[in-house]
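This one's a predicted model, so the numbers in the text were calculated from it and none came from an experiment.
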Amino acid sequence: MRDPYEVLGVQRGASAAAIKSAYRKLAKKHHPDSNKNDPKAAERFSELNSANEIIGDEDKRKQFDRGEIDAEGKPRFQGFPGADPRGRSGAPGGGFESYSFRTGGAGPGAMGGAGFEDILNSMFSGAAARGGARPGRTSPFEFDSGGVGFDLDLSVAMTVSLEEAANGGEKRVRLPTGRELNVKIPAGVTSGQQIRLKGQGETAQGHRPGDLLITISIAPHPFFKVDGSDLRVDLPITLYEAVLGSKVRVPTLASAVELSIPKNTSSGRTFRLKGKGLPKSGGTGDLYVTTRIILPDGNDAELEALMQKWRDGHPYNPRSDLG
């Protein structure tokens with residue numbers, strides 16, 4: 001992935017507020033729902049979410065700036081040059097080379113022309129002689145011909161959009177080995193959930209292939225906030241819509257719906273749209289819509305005059321209960 005600062009178009013010294021503002025602006029511009037005829041919109045939107053997950057989080061941003069994690073949030077190895085952070089010998093082409101110890105003479109995995117068993121035997125032969133080895137045995141050690149067991153499982157992190165988490169889909173993931181594969185995302189996946197793909201881990205001769213463990217995280221959405229299986233969204237409305245009532249369009253994960261705003265609706269009033277949330281066991285969560293009255297930009301002399309006249313004729317105190 002590209003440098004997250006470059007993706008969001010901000011400088012490295014940008015404030016958290018500037019990063020948040022840049023992300024919201026770009027996410028709204030490149031949201032798949034607004035670019036249904038652009039096949040690359042979802043890819044750009046996913047890249048924006050991944051970048052925001054790194055530098056939009058204070059701790060991860062510091063780790064990235066210090067070079068401790070890469071643009072995908074994966075740890076960078078800080079050890080000696082050429083070493084593999086998994087503790088294995090490097091193989092050409094960026095893969096992994098596995099070594100197994102075998103009984104008998106020299107061969108792949110042997111050291112200095114002698115097998116690992118031979119080396120141990122030579123090291124401990126004196127002790128075996130002093131302790132009295134049993135007849136017919138030349139070594140106090142027994143080896144499994146299958147070799148030493150390895151942890152061949154691979155673990156990767158995958159960030160998905162809220163829409164992908166709700167509806168499922170297919171996403172390409174790059175493994176630490178450099179290999180890429182398409183992963184089917186089940187509908188209703190939650191943040192922190194793991195997907196296990198049998199046999200898609202690393203391989204070693206004489207061993208069963210390991211598994212691939214994918215840990216899911218859900219990228220922040222520019223409009224919706226996740227609350228369990230429910231969603232919450234702030235809905236800006238005008239002053240006259242709040243006073244006179246109106247029908248306004250409300251975004252959902254599927255498509256926009258109309259919501260009837262009753263007369264004299266106060267800012268902060270919450271409406272429930274049943275079944276417009278996230279999938280859950282036995283059904284679907286709800287969408288909670290909270291109204292926010294937004295006044296027009298700039299000074300409006302007519303509005304001010306109207307409010308002054310209305311204030312003089314209809315005074316009231318909404319804070320009387322606060323003492």
Participant: Are Ser155 and Ile214 side-chain neighbours, meaning at least one heavy-atom pair lies under 4.5 Å?
Facilitator: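 Side chain of Ser155 against side chain of Ile214, heavy atoms only: no contact under 4.5 Å found.
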Participant: Hey, is the main chain of Asp38 close enough, under 3.5 Å, to the side chain of Asn35 for a donor-acceptor pair?
Facilitator: no
Participant: Scan side-chain atoms only and decide if Glu72 and Ser50 contain a donor-acceptor pair under the 3.5 Å cut-off.
Facilitator: no
Participant: Between Lys276 and Thr284, does any side-chain donor sit less than 3.5 Å from a side-chain acceptor?
Facilitator: no
Participant: Is any side-chain heavy atom of Asp234 closer than 4.5 Å to one of Lys225?
Facilitator: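 When only atoms from C-beta onward are counted, Asp234 and Lys225 do not touch, as no gap falls below 4.5 Å.
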Participant: Is there a donor in the side chain of His221 and an acceptor in the side chain of Glu163, or the other way round, less than 3.5 Å apart?
Facilitator: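 On atom types as modelled, these side chains qualify, holding a pair under 3.5 Å.
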Participant: Do Asp300 side-chain atoms and Leu303 backbone N/O form a donor-acceptor pair below 3.5 Å?
Facilitator: yes
Participant: When Ile55 is tested against each of Asp65, Ile19, Val7 for side-chain contact (heavy atoms from CB on, under 4.5 Å), which residue passes?
Facilitator: Ile19
Participant: Only counting residues at least two apart or in another chain, list the ones meeting side chain to side chain contact (heavy atoms under 4.5 Å, CB included) with Ala256.
Facilitator: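 In terms of side chain to side chain contact (heavy atoms under 4.5 Å, CB included), with neighbours along the sequence ignored, Ala256 is linked to Arg249.
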Participant: Distance only, no hydrogens: is a donor on one side chain within 3.5 Å (strictly under) of an acceptor on the other, for Tyr23 and Asn49?
Facilitator: yes
Participant: Compare all side-chain heavy atoms of Pro222 with those of Lys28 and state whether any distance is below 4.5 angstrom.
Facilitator: no
Participant: Does the pair Arg12/Asp3 count as a salt bridge with the N-to-O cut at 4.0 Å?
Facilitator: yes
Participant: Test Lys62 against Asp57 for salt bridge (charged side-chain N to carboxylate O under 4.0 Å, His left out), laying out the working first.
Facilitator: CA-CA 9 Å; Lys62 290 179 180 177; Asp57 181 280; over 6 Å; no
Participant: Taking Lys274 first and then Asp286, would you say they form a salt bridge - that is, a charged N and a carboxylate O separated by under 4.0 Å?
Facilitator: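 Not counted as a salt bridge, because no side-chain N and carboxylate O are separated by less than 4.0 Å.
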Participant: Check whether any side-chain N or O of Glu43 sits under 3.5 Å from a backbone N or O of Lys40 as a donor-acceptor pair, and report yes or no.
Facilitator: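 Judged by distance alone, no pair lies under 3.5 Å.
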Participant: Are a donor atom and an acceptor atom from the side chains of Ser217 and Thr159 found within less than 3.5 Å of each other?
Facilitator: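 Yes, because at least one side-chain N or O of Ser217 sits under 3.5 Å from a partner of the opposite role on Thr159.
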Participant: Of the options Ile294, Leu244, Leu295, which is the one that meets Leu239 in a side-chain contact (heavy atoms from CB on, under 4.5 Å)?
Facilitator: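 Answer after filtering Ile294, Leu244, Leu295: Leu295.
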Participant: Below 4.5 Å, heavy atoms only, C-beta onward: do Ile69 and Lys60 meet side chain to side chain?
Facilitator: yes
Participant: Going by side-chain contact (heavy atoms from CB on, under 4.5 Å), Ser191 matches just one of Ile218, Val160, Val226. Which one?
Facilitator: Ile218
Participant: Indicate yes or no: at least one non-hydrogen side-chain atom of Thr190 is less than 4.5 angstrom from one of Ile216.
Facilitator: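 Heavy-atom side-chain distance check fails, nothing below 4.5 Å.
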Participant: Below 4.0 angstrom, N of the basic side chain to O of the carboxylate: do Lys184 and Glu170 qualify?
Facilitator: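 Salt bridge absent between Lys184 and Glu170.
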Participant: Mind listing the closest non-hydrogen atom pair of Pro262 and Thr265 along with its distance?
Facilitator: O-OG1, 2.6 Å
Participant: Sorted by first residue and then second, give each salt bridge (charged side-chain N to carboxylate O under 4.0 Å, His left out) pair with at least one member in residues 207-222; sequence neighbours left out.
Facilitator: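 Listed by first then second residue: Arg196-Asp211, Lys198-Asp211.
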Participant: Would you check, one step at a time, whether the test ring pair (Phe, Tyr, Trp, His ring centres under 6.0 Å) holds for Phe45 with His31?
Facilitator: CA-CA 6 Å; Phe45 186 68; His31 196 281; 4.8 Å; yes
Participant: For residues Val248 and Leu235, report the shortest heavy-atom separation together with the two atoms involved.
Facilitator: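 Reported closest heavy-atom pair: CG2-CD2, 3.6 Å.
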Participant: Using only atom types and a distance under 3.5 Å, with no angle test, would you say the side chain of Asp70 pairs donor to acceptor with the backbone of Lys74?
Facilitator: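 Judged by distance alone, yes, a pair lies under 3.5 Å.
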Participant: Just how far is it from atom CD of Glu53 to atom CZ of Arg61, taken to the nearest 0.5 Å?
Facilitator: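 It is 15.5 Å, given to the nearest 0.5 Å.
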Participant: Between the main-chain N or O of Tyr288 and the side-chain N or O of Arg272, is there a donor-acceptor pair closer than 3.5 Å?
Facilitator: no
Participant: Using only atom types and a distance under 3.5 Å, with no angle test, would you say the side chain of Gln308 pairs donor to acceptor with the backbone of Ala305?
Facilitator: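 No, because the side chain of Gln308 does not come within donor-acceptor range (under 3.5 Å) of the backbone of Ala305.
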Participant: Is a donor on one side and an acceptor on the other found under 3.5 Å between the side chain of Ser266 and the backbone of Arg269?
Facilitator: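 Looks like no, no N/O pair under 3.5 Å.
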Participant: How is the hydrophobic cluster of Trp310 composed, in terms of its other members, when Ile, Leu, Val, Met, Phe, Trp and Tyr link through side-chain heavy atoms under 4.5 Å apart, directly or indirectly?
Facilitator: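 When side chains under 4.5 Å apart are linked, the cluster holding Trp310 also contains Tyr316.
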Participant: Strictly distance-based, threshold 3.5 Å: is any side-chain N or O of Ser246 a donor or acceptor partner for the main-chain N or O of Glu241?
Facilitator: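 Such a contact is absent between Ser246 side chain and Glu241 backbone.
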